[in-house]
Amino acid sequence: MAAEMVAPAWMHEQITAEQYESWSEEQCAGIEIVDGMVVVSPSASKRHNRLARILANALDAAAGPDWNADTDFDVRLQDVPLTNRRPDVIVYRADTIDVTPTRPEHVLLVVEVVSPGSETTDRIVKVDQYAKAGIGFYWRIEQAATGTPLVYTYLLDPATRTYREGDVFTGVLKITAPFVAEIDLGQV
């Protein structure tokens, strides 16, 4: 006789912001909340995590005192229905480091590193959600078969709350205002 798997109740019910905030950090790790429903993502690969960390470290070094760059924490896109996303890299105002939850108005840039299984979400769904939330910049990093990442950049049009396509970078990413940096992503 086969054992039946029973998913916890929280996977079948909409979660409110109050419920989510009562959960431990361990319960919140590795999940996102979309329209109040828990979305569990598989663990990222070492290559994925390394690329995100290299990019976050370089952005943080280039950001100056007004901005921080970090990996893997919630951005509260909306309260009702609750939508929390966990971008791979986030550039946010340094003076909001202790403000929880991190809101779109605190965020300058979100970066998603596309992994197998996240293609549609990172290329379509998150682009729309981040734009509607008013986040100024979105970068999507594709891990090409050659090993050299491709970085697709997008800039928010505030009037329409949609992103315009920007430049595509291969290997070396040159960051301009508010940052001045050159990041070699070809060594991942």
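Keep in mind that what you see is a predicted model, and the values were worked out from it rather than measured. Both backbone and side-chain heavy atoms feed into the values below; hydrogens, waters and symmetry mates do not.
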Partner of I31 under side chain to side chain contact (heavy atoms under 4.5 Å, CB included), chosen from V38, I15, N84:
V38

Ring centers of Y152, Y163 separated by less than 6.0 Å
no

Just checking, is any N or O donor in the side chain of Q19 or T16 under 3.5 Å from an acceptor N or O on the other one?
yes

Heavy-atom closest pair, residues A44 and N49:
CB-OD1, 3.3 Å

With a 4.5 Å limit on heavy-atom distance, are the side chains of T153 and F137 in contact?
no

Is there a side-chain contact between L59 and L109 in this structure, where contact means two heavy atoms from C-beta onward sitting under 4.5 Å apart?
yes

What heavy-atom pair brings A94 and P65 nearest, and what distance separates the two atoms?
CB-O, 3.3 Å

Go through the steps for V168 and V151 under the test side chain to side chain contact (heavy atoms under 4.5 Å, CB included), then give the verdict.
CA-CA 5 Å; V168 177; V151 181; over 6 Å; no

Donor-acceptor check, side chain of D88 to backbone of V113, threshold 3.5 angstrom: yes or no?
yes

CD1 (I97) and OG1 (T102) are apart, to the nearest 0.5 Å, by 9.5 Å

Between V34 and Q129, is a side chain to side chain contact (heavy atoms under 4.5 Å, CB included) present by the stated rule, with each step listed?
CA-CA 10 Å; V34 179; Q129 289 175 337; 3.7 Å; yes

So does L150 get a backbone contact from the side chain of T170, meaning a donor-acceptor N/O pair under 3.5 Å?
no

Check whether L108 and L155 end up in the same hydrophobic cluster, where Ile, Leu, Val, Met, Phe, Trp and Tyr are linked by side-chain heavy atoms less than 4.5 Å apart.
yes

So, taking the atom named CG in D95 and the one named NE2 in H106, what distance separates them when rounded to the nearest 0.5 Å?
8.0 Å

Side chains of W139 and F169 in contact at under 4.5 Å (non-hydrogen atoms):
no

Least distance between heavy atoms, S115 atom then D122 atom:
N-OD2, 4.3 Å

Whether Y92 and F73 hold their rings parallel, tilted or perpendicular, with breakpoints at 30° and 60°:
perpendicular

Between R85 and V125, does a side chain to side chain contact (heavy atoms under 4.5 Å, CB included) hold up when you go through it step by step?
CA-CA 11 Å; R85 286 294 190 179; V125 178; 3.7 Å; yes

Could you tell me the separation between the CZ atom of R103 and the CG atom of D74, rounded to the nearest 0.5 Å?
11.0 Å

How about S118 and E112: do any of their side-chain heavy atoms sit closer than 4.5 Å?
no

Audit row: D157, R161, salt bridge (charged side-chain N to carboxylate O under 4.0 Å, His left out) steps and yes/no:
CA-CA 6 Å; D157 177 345; R161 291 262 175 151; over 6 Å; no

Would you mind telling me which of E32, E105, E21 makes a salt bridge (charged side-chain N to carboxylate O under 4.0 Å, His left out) with R76?
E21

Locate the shortest heavy-atom distance separating A69 from A56; write the atom from each residue and the value.
CB-O, 3.4 Å

Let me see the working for D72 and R86 under salt bridge (charged side-chain N to carboxylate O under 4.0 Å, His left out), right down to the final yes or no.
CA-CA 6 Å; D72 197 34; R86 287 181 93 80; 3.0 Å; yes

Counting C-beta onward and ignoring hydrogens, is there a side-chain heavy-atom pair between I135 and Y154 closer than 4.5 Å?
no

Side chain to side chain contact (heavy atoms under 4.5 Å, CB included) evaluation trace for V111 with I141:
CA-CA 7 Å; V111 180; I141 301 179; 3.7 Å; yes

Are D128 and K132 close enough that some pair of their side-chain heavy atoms sits under 4.5 Å apart?
yes

4.5 Å side-chain heavy-atom contact, V114 and E142:
yes

Do D70 and D60 have side chains that get closer than 4.5 Å, going by heavy atoms?
no

Minimum heavy-atom separation for T162 and A131, please, with both atom names.
CA-CB, 3.9 Å

Smallest separation among heavy atoms of P81 and G36, with atom names
CB-N, 4.0 Å

